[in-house]
Q: 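Take this structure first; my questions come after.
Naming convention: chains lettered A, B, ... in sequence-line order (proteins, then strands); numbering from 1 in each chain.
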Amino acid sequence: MRKKPRFHSLKKLKIRQDWSRWTLYNLSRLNPPNLATKTYFQQKWTAKSDTRAYHGEQIREKQWKRMFRRNLPAVVPMDHKYLARYDGSEQAAGRGAGADAMEKTKTPPMTPYMQMTYYPVERRLDTAVFRALFASSVRQARQFVVHGLVKVNGKKMIYPGYMLNPGDMFQVVPESVMMATGAQKTRSSVARRIAKEKGTAYAESRKGQGRSKTASVKVPLLADALASTPEAQTPVAEEKEPSPEELKKHLQTLMDNVEGVLAEEVKAKDKQKLREFKQTVRKAISLWRTSTPSQISTLDSQFSFLKSHLTSSKSAQSDSASGPEVRLTREEELKLSRAFDRLKEQAEFDANWNKRDPSKPYLTPWRPRDYMSAFAFIPRYLEVNQNICAAVYLRHPVARPGLAEVPTPFPLETGQLAFNWYLRRR
Amino acid sequence: MPPRLRCPNLLCATSCYPSIRPSSLPRLARVSREFSQTSCQRATLRRRKFYEWLNGPGSLLKEPIPGSTNYLGAYDKYGNLVRARPGWTRKRPGDKKAEGEKNDVATIESEEQTPAGQEIIDELEMSVRRDEEKKNDARAAEQDDKLPPETAEDLRPFPQNKHFRSQPVLSEELREAIYQRVARDGMSVSLVSVEFGVSNERVGAVVRLKQMEKEWIAQGKKLAVPYSKAVLAMVPTTPYINPSLPENKGKRPITHEAINDLIVHPATRQQLFVPVSESRHFTRVDAGKAFDNDLLPADERIPHPELVQAERDIASGLSIEERRQLAEERMEKEQERRRQQESKRLEELKKVKTVAGRRWDFVFQDVNVESVGRDGRSPKGVGWRYGFPHEDRKKGQVKIPTKVEA
């Protein structure tokens, strides 16, 4: 059987969609196409094969041919002041009477339509994941999709060929993103053996501890609690205000926990106090049956919700004068807000804490992989939030005067030749 | 037929004499045999050059430059950072010569005029940013640890492609500011879009993503902060100018992108020759009609037609109160339209019954047998119909979904 050609060859200059040093070297070697010594067919053929080695190399040719569109999208930025002042008739006024020959207006820069040949490929989910800098190559992005690590609009999408629609949000598991974009672990066998030994020793030590620990400490997280609340709510059909005694009790526990949270220094290892505080917050919120977890999903909204309801219940009770005073003084409010700030800090600290962890599949502490900075750009048709490893596909890529949004390493001539190749028989 | 045995040149001398013991030394010299599929293991010229480049010019691209982008287009063939002075190393930045270059570029750009009706927003944005940097340069000259700002060439990840460059993304603070403006202050998306110079869709996306991020924080999920910091340090970002701070008094917010993009309509791609009498007042509206009967003029097709309207009010010489009143009326009308859309959507939602499933929701909606049409072959029909086979097991039927409901 014939040997498969090398993916990264030094002999044949092919640029691939990845962040490898081979690609970088080939990028630095790339020259404008040789048009002098080749026939038109040869020019087109080389242009096509070069561009296809980069754009959607994982797609079969027939599939790509079906995706190809000869209508290329473009936009022109408009000036609203001009549109308000003129109605367009001034461009035609005086034409034929010599007015047009007198003045010479600057022409806008050319719109590089021919660089947009491969814009349908950018719509694919795997390519978009790569362009959002969530994977180090399109093949890896494709693997992420196939392995179920990518969600589109919150639902698992396992088809790398899914064509994103404008407004679609896709998210990748952050751990995989860190693995894909982080520096690799050391490859020496000795280091690997040592790491393995250490890892097993660590795991054994953890095993001994973990059993006792899990038995004693089982504190549900806020997420679990919130997820479980709708079921808890459904049997109680009536929506009633909680009784003042109940309220007071909860308020007291809440405040106790606030004390605890504020007294404790933020440490990485024990989050007991914070968890307890979160739990009481959840309980206090669940007292009001009307509120749904979706409304109070962020810490800010939880805080404002608690504050408003505690103060409003206070006034309602003082009117009825039935129970003991449930009041939030100014200091208590301040304390509550500080406790919430502490929660936020804790979350930030957890995420920031870029510690050494041998169980991770990437080098820890995390740092970007080599040569990543040379490839790090985010095209304008994507809006990416790196913290949660999610991005929104805003619109299809467009050409505008002087600028094409499809990231392609080839010069305009190559793009034009490739476009002409696919225009054939159409 | 078996392949002909050939005596390789090198081994000829050694292997021809009869030897009992295999001579290992000369055999080692030749690593791959001719019929072997393994490629040559020795370092070829190409490979040597590759490593030369990696250890020479390529070594600068291995690590990011702190506080700057690091693209291939910023370097020349020999691995010198073009915008820095000749003897620049990573530890020693900043100089006078590059500043001079930068000023030249600025003057060239200011000479170019924008053609009628189009705004070159990127130039504007770059110039604003350059002003910013100019102010910073005074400080940087003292500190002497900063590179000059990137020019358009420096932002090219692909040096051969002159029509692509790495464009700035929103900085973390700007995203937060946009989210706060929409979520806390309750401003409409289009107003926020005009205020920050960020397109409508992007504002919506930023709010959606920020909301999700805050939910993650409340749930105690771990964010990818090291990754985020590293990426935002590598790509150019649009900074947020906080107007509440005293040092930012009188500064405009930096425009992120062009917000009034007009999509090129396919009908306008062709060149058209329409004879029009000289006396006729031929406007944009007429031009649109000439291309396509349904083609609206640009003032109505851009994302922010209200800006044009406001500008027209100013031009017509109305007082501030009148203008405000008109703007409020228009806004009221817009909100009314939106409310109607919303109520219509809710009406539609009421018709279907949704039962939450484990992964997907079950949606029940009323169907009508009559929807198959007279001949019973309309694709709108539901259920199995006699004589109308399902095609979903046929060859070539694509099962990849075309849309996912948000």
Side-chain angles (χ1 to χ4, degrees), chain A residues 3 10 21 25 27 30 71 74-84 87-89 92 106 108 112 115 133 152-153 155 159 161-162 165 174 178 221 223 297-299 347 350-352 354 366 368 370-371 373-374 376-378 380 383 385-390 392 394 404 407-409 411, chain B residues 37 46 50 53-54 61-62 64 70 72 113 115 117-119 121 157-158 160-161 163-164 166-167 169 201-202 205 209 212-220 222-228 230-231 234-235 258 260-264 281-284 298-299 302 307-308 311-312 400 403-404 406:
Chain A
K3 202 181 73 170
L10 291 175
R21 51 202 175 135
Y25 177 56
L27 274 178
L30 189 69
N71 284 329
V75 295
V76 183
M78 299 304 286
D79 183 9
H80 64 271
K81 284 183 179 151
Y82 169 83
L83 288 181
D87 61 353
S89 62
K106 281 266 177 188
Q115 296 289 53
L133 304 182
V152 175
N153 286 338
K155 286 175 187 132
Y159 302 105
Y162 172 70
N165 296 314
M178 303 270 275
L221 276 172
S297 49
T298 70
L299 283 178
D350 277 354
N352 269 327
N354 193 1
W366 188 91
D370 292 344
Y371 306 108
S373 62
F377 57 84
I378 298 173
R380 277 275 165 90
E383 174 57 37
N385 191 330
Q386 285 87 10
N387 282 325
I388 52 174
C389 294
V392 175
L394 297 176
T408 175
Chain B
Q37 294 270 319
R46 286 194 192 89
F50 169 59
W53 186 86
L54 271 191
L61 294 157
K62 200 165 181 178
N70 192 20
L72 198 55
Q113 288 174 341
Q118 295 178 17
E119 52 180 349
I121 197 80
F158 307 122
Q160 283 293 320
N161 187 355
H163 303 283
F164 179 78
S166 171
Q167 288 173 290
V169 301
E201 312 96 74
R202 198 177 299 277
L209 291 168
M212 199 169 152
E213 186 186 324
K214 287 182 188 283
E215 280 170 23
W216 276 36
I217 290 173
Q219 290 165 5
K222 203 174 161 187
L223 305 182
V225 173
Y227 164 74
S228 161
V231 168
M234 278 188 239
V235 298
N260 265 333
D261 277 346
L262 179 74
I263 295 168
V264 175
H281 191 67
F282 193 77
T283 60
R284 271 197 293 274
D299 344 20
I302 55 175
L307 283 183
V308 179
E311 200 67 30
R312 266 191 202 137
I400 301 176
K403 67 172 177 180
V404 180

Q: Drop me the distance from A/Gln386's CD to B/Leu209's CG, to the nearest 0.5 angstrom.
A: 10.0 Å
Q: Checking A/Lys81 against chain B: side chain, backbone, both or neither under 4.5 Å from a heavy atom?
A: both
Q: Select one option (side chain, backbone, both, neither) describing which atoms of A/Gln115 are under 4.5 Å from chain B's heavy atoms.
A: side chain
Q: Out of B/Met234, B/Glu201, B/Arg202, return the one with the most heavy atom pairs under 4.5 angstrom to chain A.
A: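 Among the listed options, the one with the most contacts to chain A is B/Arg202.
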Q: Give the member of A/Pro174, A/Gly161, A/Ala374, A/Pro368 that has the highest number of heavy-atom pairs under 4.5 Å with chain B.
A: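 So the answer, after comparing A/Pro174, A/Gly161, A/Ala374, A/Pro368, is A/Ala374.
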Q: Quick check on the interface: out of B/Ile302, B/Val169, B/Val264, who has the most heavy-atom pairs with chain A under 4.5 Å?
A: B/Val264
Q: Quick check on A/Asn165 against chain B: is it the side chain, the backbone, both or neither that has a heavy atom closer than 4.5 Å?
A: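 Only the side chain of A/Asn165 comes within 4.5 Å of chain B.
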Q: Give, as side chain, backbone, both or neither, the part of A/Tyr162 having an atom under 4.5 angstrom from any heavy atom of chain B.
A: both
Q: Which distance, rounded to the nearest 0.5 Å, do you find between the CG of A/Asp87 and the CZ of B/Arg312?
A: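 If I round to the nearest 0.5 Å, the distance is 8.5 Å.
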Q: Is a side-chain donor-acceptor pair under 3.5 Å present for A/Thr408 with B/Asn161?
A: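 Result is no, nothing qualifies.
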Q: Is the A/Tyr371 to A/Tyr25 ring centre distance short of 6.0 Å?
A: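 They do not qualify: ring centres at least 6.0 Å apart.
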Q: Can you measure from CE (B/Met212) to CG (A/Asn387) and round to the nearest 0.5 angstrom?
A: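 Rounded to the nearest 0.5 Å, the CE-CG separation comes out at 11.5 Å.
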Q: Would you mind telling me which of A/Ala404, A/Gly88, A/Ser373 has the largest number of heavy-atom pairs within less than 4.5 Å of chain B?
A: A/Ser373
Q: For chain A, which candidate among B/Leu262, B/Leu72, B/Val231 shows the most heavy-atom pairs at distances under 4.5 Å?
A: B/Leu262
Q: Who among A/Asn71, A/Ile388, A/Leu394 has the most heavy-atom pairs with chain B under 4.5 Å?
A: A/Ile388
Q: Partners of A/Asp370 by side-chain hydrogen bond (donor to acceptor under 3.5 Å, both in side chains), sequence neighbours excluded?
A: none
Q: Name all residues meeting the side-chain hydrogen bond (donor to acceptor under 3.5 Å, both in side chains) criterion together with B/Tyr227; count only those two or more places apart in sequence or in a different chain, and write none if there are none.
A: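 Not a single residue meets the side-chain hydrogen bond (donor to acceptor under 3.5 Å, both in side chains) criterion with B/Tyr227.
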